[in-house]
2 protein chains.
Amino acid sequence: MANPLQTRFAADDIAQAEHYLAHEPPTDIDPRIERLVNELIGRIADKWTLLVLELLEEKGTLRFTQIGRQVEGISQKMLTQTLRQMERDGLLTRTVHPVVPPRVDYALTPLGNSLSAAFCGVWVWAERNLETVEAARATFDARD
Amino acid sequence: MANPLQTRFAADDIAQAEHYLAHEPPTDIDPRIERLVNELIGRIADKWTLLVLELLEEKGTLRFTQIGRQVEGISQKMLTQTLRQMERDGLLTRTVHPVVPPRVDYALTPLGNSLSAAFCGVWVWAERNLETVEAARATFDARD
DNA sequence: TGCTGTAGTTACCCAAAGGTGAGAAATGGC
DNA sequence: GCCATTTCTCACCTTTGGGTAACTACAGCA
C-alpha cells in the first residue's frame, strides 16, 4: 500500500482532508463559544484519549485488558480514568457482563466515531508532514 | 451570522469537515509510523500551542506582547516556551527587529497554516457536538 | 536623574498528572 | 483449601507543568 492512512480512514475522509491544505485566513469569533470549545478540545485532545479513540475505531468492541495491552505504556489507573471520562462524554459505551471473573466491553458510540473522523485531518497532516517537521527541527537545532 | 466557525475557517474547509461525520471503520497500520505520528500529535495537541496557532491564523502577524494579551491566562514563561517550540517545529517564523525597545514579530509559516486547517474538522466537531457532550455528562452524573 | 517599555531569562516553588503496588470480590479448577 | 482470573479502587510517591517574581539591556522622555 502506498499510504498507511488508507487502511485507517475511508478514502472519502482522506480526500476531504487534502482540501484543508489551502484555505483563507479567518476573522473574529464569539468568545463565549470559543471558550466552551477550547475547554472541550482541551479535554478531548489528550494523549490517552486519542490513542484509545483510534484503537476502538480500528478494532471495534474490546474489553478492558485488551485495550490495556494494545495501548502501549498506559497504566491501569490511566486506562480506567480515560475510559470513564470518555464514557461520561458519551464517546463510548461500557457494557458490564455480570459474570465472574468480570467482563466489561467497550465500544465507540456514533459520537465517538464522528470524533475519530474529525481527527482524520490531523492524522493526515501529521503523516504527511512528519519529515518536514523533523527537517525543521534539525535545522533549528543546528543553528548557533 | 448563523455559525461562528464561518468567520474562522473558509466555507470550503467547513463543507469538507461535514463529510467526516460518516466514514468506514478502518483496519491495521504500520506501527512504526503510528508511533512517530503519535509522538508528533502529542507534541502539537497541547493547550497553548492550539490557542497560539488559532490566534495567529486569525490575526496574521503579531508581536510577543500582543499574543500574550490575547491568549487568556498564558504566562510569559509559557508563551516563550510555546513560541520557541513552534518555531523549532517550523510552524511559525520569529523575526527580530534590532531596535530598542525590542520588537519581535511572529507569523505562521505555510506549514503552520496547514496544521491550523487540519484542525478545522475538530473545531467543527466540537462546536457542533458541544451540547450533545454536555447532555451526555449530565445524564452520566445523574445516574446512581 | 530616573522612570517606562519590550522581550526575554533564571531561580524558586506549588499543584496536578501520572506511576506503582496492594487489595477486593467471586467463582471455577486443581 | 488455595490459586488464578478480571476489573477495578485506593494510598503513596515521583515527575512534570506551569506560575511568580526578580533581573537585563538600551533608548526615549520628563
Side-chain angles (χ1 to χ4, degrees), chain A residues 35 38-53 55-56 59 61-89 91-107 140-141 143-144, chain B residues 38-39 41-53 55-56 59-89 91-108 140-141 143-144:
Chain A
R35 251 187 311 147
N38 282 347
E39 186 267 343
L40 187 55
I41 287 189
R43 174 80 52 95
I44 276 161
D46 86 301
K47 186 183 170 187
W48 298 130
T49 302
L50 261 299
L51 293 179
V52 169
L53 189 71
L55 179 68
L56 285 176
K59 303 291 177 61
T61 300
L62 290 176
R63 30 195 313 201
F64 185 82
T65 39
Q66 289 179 317
I67 302 176
R69 271 194 293 269
Q70 292 179 59
V71 175
E72 197 168 8
I74 196 169
S75 67
Q76 238 183 13
K77 176 182 163 183
M78 287 316 296
L79 182 53
T80 308
Q81 209 171 101
T82 302
L83 290 170
R84 271 318 124 72
Q85 206 165 237
M86 292 176 74
E87 186 197 2
R88 177 169 183 262
D89 287 343
L91 298 176
L92 53 77
T93 57
R94 178 170 173 271
T95 311
V96 182
H97 302 272
V99 296
V100 66
R103 177 201 175 97
V104 181
D105 286 337
Y106 293 92
F140 183 92
D141 294 343
R143 48 157 234 203
D144 319 295
Chain B
N38 283 347
E39 186 267 343
I41 287 189
R43 174 81 51 94
I44 276 161
D46 87 301
K47 184 184 170 185
W48 298 130
T49 302
L50 262 298
L51 293 178
V52 170
L53 188 72
L55 179 68
L56 285 176
K59 302 291 177 63
T61 300
L62 290 176
R63 23 194 321 199
F64 186 81
T65 39
Q66 290 179 316
I67 302 175
R69 272 194 292 269
Q70 292 180 58
V71 175
E72 196 168 8
I74 196 168
S75 66
Q76 236 181 17
K77 176 183 163 184
M78 285 317 295
L79 182 53
T80 308
Q81 208 170 100
T82 303
L83 289 171
R84 274 313 128 73
Q85 205 165 240
M86 291 175 75
E87 186 197 2
R88 178 170 184 263
D89 287 343
L91 298 177
L92 52 77
T93 58
R94 177 169 173 273
T95 311
V96 181
H97 303 272
V99 296
V100 65
R103 177 199 174 98
V104 182
D105 286 336
Y106 293 93
L108 291 189
F140 183 92
D141 294 343
R143 47 157 235 200
D144 318 296

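Computed from a prediction, not measured in an experiment: that's the story for all the values here. FYI, side chains are in, hydrogens and waters are out, and symmetry mates aren't considered; it's all heavy atoms of this structure. The sequence lines fix the lettering, A, B, ..., with proteins before strands; numbering per chain opens at 1.
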Gap between atom [atom2] of [Y] and atom [atom1] of [X] - 0.5 Å precision:
X	Y	atom1	atom2	answer
A:H97	A:R63	NE2	CZ	8.0 Å
A:L92	A:I67	CG	CD1	7.5 Å
A:T93	A:Y106	OG1	OH	10.0 Å
A:Q81	A:Q85	CD	CD	7.0 Å
A:L83	A:L62	CG	CG	10.5 Å

Every protein N/O within reach of nucleotides 24-29 of chain C N/O, cut-off under 3.5 Å:
none

>> Could you check whether B:K59 and B:Q70, counting side-chain N and O atoms only, form a donor-acceptor pair closer than 3.5 Å?
In response: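 Present: a donor and an acceptor within the cut-off.
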Does [X] put a side-chain nitrogen or oxygen below 4.0 Å from OP1 or OP2 of [N]?
X	N	answer
B:R84	C:dG8	yes
A:Y106	D:dC8	yes
B:R103	D:dC26	no

> Would A:T80 and A:F64 satisfy side chain to side chain contact (heavy atoms under 4.5 Å, CB included), going step by step from the backbone distance to the final call?
Replying inline: CA-CA 8 Å; A:T80 308; A:F64 185 82; 3.6 Å; yes
> Which of residues 61-69 of chain B sit near DNA chain D, with a heavy atom under 4.0 Å from it?
Replying inline: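 Contacting residues: none.
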Separation of [N] [atom2] from [X] [atom1] (nearest whole Å):
X	N	atom1	atom2	answer
A:R94	D:dT6	CZ	P	16 Å
A:D105	D:dT6	CG	P	13 Å
B:L79	D:dG17	CG	P	17 Å
B:K47	D:dG17	NZ	C1'	11 Å

Find out whether [X] and [Y] are in side-chain contact, i.e. whether some heavy atom of one side chain is under 4.5 Å from a heavy atom of the other.
X	Y	answer
B:L51	B:I74	no
A:L79	A:V71	no
A:F140	B:D89	no

>> With each end axis built from five pairs of C1' atoms, what bend angle do you get for the helix from C:dT1-D:dA30 to C:dC30-D:dG1? Round to 10°.
In response: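 Rounded to the nearest 10 degrees, the bend comes out at 30°.
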> Do A:T49 side-chain atoms and A:A45 backbone N/O form a donor-acceptor pair below 3.5 Å?
Replying inline: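 Answer holds: no.
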>> Please list all pairs meeting salt bridge (Lys or Arg N to Asp or Glu O under 4.0 Å) that have one or both residues in residues 69-81 of chain B, counting only residues at least two apart or in different chains.
In response: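 Sorted pair list comes back empty.
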> With sequence neighbours left out, which residue pairs that include part of residues 92-106 of chain B fulfil the salt bridge (Lys or Arg N to Asp or Glu O under 4.0 Å) condition?
Replying inline: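 Residue pairs with at least one partner in residues 92-106 of chain B: B:R103-B:D105.
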>> What does the B/S/- profile of nucleotides 13-20 of chain C look like, 5' to 3', with a 4.0 Å heavy-atom cutoff to protein?
In response: -----BBB
